[in-house]
There are 2 protein chains.
Amino acid sequence: MNVSARLMFTRLHIRRGESLYLAGDRFTSLYAVRNGFLKTTAILANGRDQVTGFAMTGEVLGMDGIEEERHTCNTIALEDSEVCAISFARLQELTLTIPGLQRHFHTMMSREIVREHGVMLLLGSMNAEERMAMFLLNLSQRFAAHGCTASEFNLCLTREEIGSYLSLTLGTVSRIFSRFRERGLIAVRQKFVRIVDRDKLERVIGRGALATDRVPGTPPSENA
Amino acid sequence: MNVSARLMFTRLHIRRGESLYLAGDRFTSLYAVRNGFLKTTAILANGRDQVTGFAMTGEVLGMDGIEEERHTCNTIALEDSEVCAISFARLQELTLTIPGLQRHFHTMMSREIVREHGVMLLLGSMNAEERMAMFLLNLSQRFAAHGCTASEFNLCLTREEIGSYLSLTLGTVSRIFSRFRERGLIAVRQKFVRIVDRDKLERVIGRGALATDRVPGTPPSENA
DNA sequence: CGAACGCTTGACATTTGTCAAACGGCGTGG
DNA sequence: CCACGCCGTTTGACAAATGTCAAGCGTTCG
């Protein structure tokens, strides 16, 4: 019996627009995305919500719920999607006996912490164009990570959702798409985006980029 | 033998201005703050850094390093501080045998994820006054959490560090302190801040607050 | 006592948000 | 199959928030 089987994955289908879980829902499982595309949103008291992340194949959702045994954000499918529910209680049992599983799980949580760090920096120290460039390059990289084309993809997001994630208004997002198009960085038709000149797009970020984005294995930090 | 002893805490003293670890440093331990006050910063390629969190007594630092076995951010003491280094390898061993320790650890990581969610919302959907109010109330709450006065405390931060954390410029931070003072929300003398009218301060946030009563803005620190 | 640093405050510039008009695809119903 | 209407988008004109730059002040520490 392999690890997957012992974790007792439960396959779930979520249709476009439906939620996987909502803030306040009882937390019981983590979810591994098998295919599709989902967004995570946090709710504000004023009724508005902000998109805090996207998930695609191979990524894991739900770790926000561990602390309070309740989810603190919403996850909603942006296209018909399929996920595996992994019982958290069962996962915790198995980490005690399956070598490496505990470490794997901790790595995953740590990665989520580092990812959010990146978003904080994105929101905190990059201007609108830099954010958009970062967003496009990041999506491209993640699509490529599981065999999709890196340079052309279908955003199943509205301009408003992109804006919510990047903390820009719909109008600003649209304007920047136009500017990028005029400058020959990307081609846009409807929701299809093609990265025409990756170098230039990377140069948009330039001085705002994360130091750690440069060379993965060799971060700075010599003095001390 | 109690849990603390078995985890083999190592006490460290870090003087004001010194670092606990820097981005790129090998990750070996988590750190529990015993006393003092530290900041965590992430580095940008352009050489600037952004403050991503603060840590005070009882909070845990270093979880960002688990993924790559290297730290991805810097942690620096803002006043003379004392921390306990907890060997991560040892911690992972012990979670296998000490009931509840694994769960406790997972809760802690999840809390950090939720905290960062809060900062993302702070940066993404609150204006300058709301951010400052959130920051002050959050600090107040955390000081109170370990027995300090909730309404009066000593910021060992410069205006620039506050600004870096909230993504505002030094000037804006200063101006908002002045405005809050004029309106009778706080009293400021040097780095001492006293919350004069907590209700009004909370009302500044008002419509920007998280639906969940959890204060998002400037939560617990830890890096990450 | 003097220099350095951090802070305050003003005038002005810039970025981004707001609001509104108009366009375009896409789907639905005739 | 076509027409209409809706939703998402584009774009413009303008407003507001915040950043930039610079001058001057107060503390603190050597």
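Computation of the quantities below employed the complete heavy-atom set of this structure, encompassing side-chain atoms and omitting hydrogens, waters and symmetry-equivalent molecules. Small disclaimer: the values here were computed from a predicted structure and weren't measured.
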List the steps and the verdict of side-chain hydrogen bond (donor to acceptor under 3.5 Å, both in side chains) for A/Thr57 and A/Asn35.
CA-CA 5 Å; A/Thr57 305; A/Asn35 58 63; over 6 Å; no
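Note: CD1 (A/Ile162) to P (C/dT16) measures 16 Å, nearest angstrom. In this structure, CG of B/Leu157 is placed 14 Å from C1' of C/dC7, rounded to the nearest angstrom. In this structure, the CG atom of A/Leu166 is 18 Å from the P atom of C/dT15, given to the nearest Å. Taking atom CD of B/Glu182 as the reference point, atom C1' of C/dT9 lies 11 Å away to the nearest angstrom. Distance, B/Glu160 CD to D/dG19 C1': 13 Å, rounded to whole Å. Atom pair B/Asn127:CG and C/dT16:P shows a separation of 17 Å (rounding to whole Å applied). Regarding A/Glu129, its CD atom lies at a distance of 13 Å from the P atom of C/dG17, rounded to whole Å. To the nearest angstrom, P of C/dC7 lies 14 Å from CZ of B/Phe192.
Dashed line: the shortest gap from a side-chain N or O of A/Thr172 to OP1 or OP2 of C/dG17 is under 4.0 Å. Phosphate contact (OP1/OP2 of D/dG8, side-chain N/O of A/Gln190, threshold under 4.0 Å): absent. Applying the 4.0 Å criterion to OP1 and OP2 of C/dG6, one finds that B/Thr158 has every side-chain N and O outside that range. Taking only side-chain nitrogens and oxygens, A/Lys191 never comes nearer than 4.0 Å to OP1 or OP2 of D/dG8.
Side-chain atoms of A/Arg175 and base atoms of D/dG12 include a donor and an acceptor less than 3.5 Å apart.
Note on ring orientation: taking the six-membered ring where Trp is involved, the planes of B/His71 and B/Tyr31 are tilted (angle from 30° to 60°). Aromatic ring orientation, A/Phe88 versus A/Phe105: tilted (interplanar angle from 30° to 60°).
When distances are taken from the side chain of B/Arg181 to each of C/dT9, D/dG19, D/dT11, the shortest belongs to C/dT9. Residue B/Ser178 has its side chain nearest to C/dT9 when only D/dT9, C/dT16, C/dT9 are considered.
For the pair A/Val33/A/Met56, no side-chain contact is recorded, criterion being any heavy-atom separation below 4.5 Å from C-beta on.
Nucleic acid contact class of B/Leu170 (heavy atoms, under 4.0 Å, all strands): base.
When A/Ile195, A/Val204, A/Val188 are each tested for a side chain to side chain contact (heavy atoms under 4.5 Å, CB included) with A/Phe180, only one passes: A/Val204.
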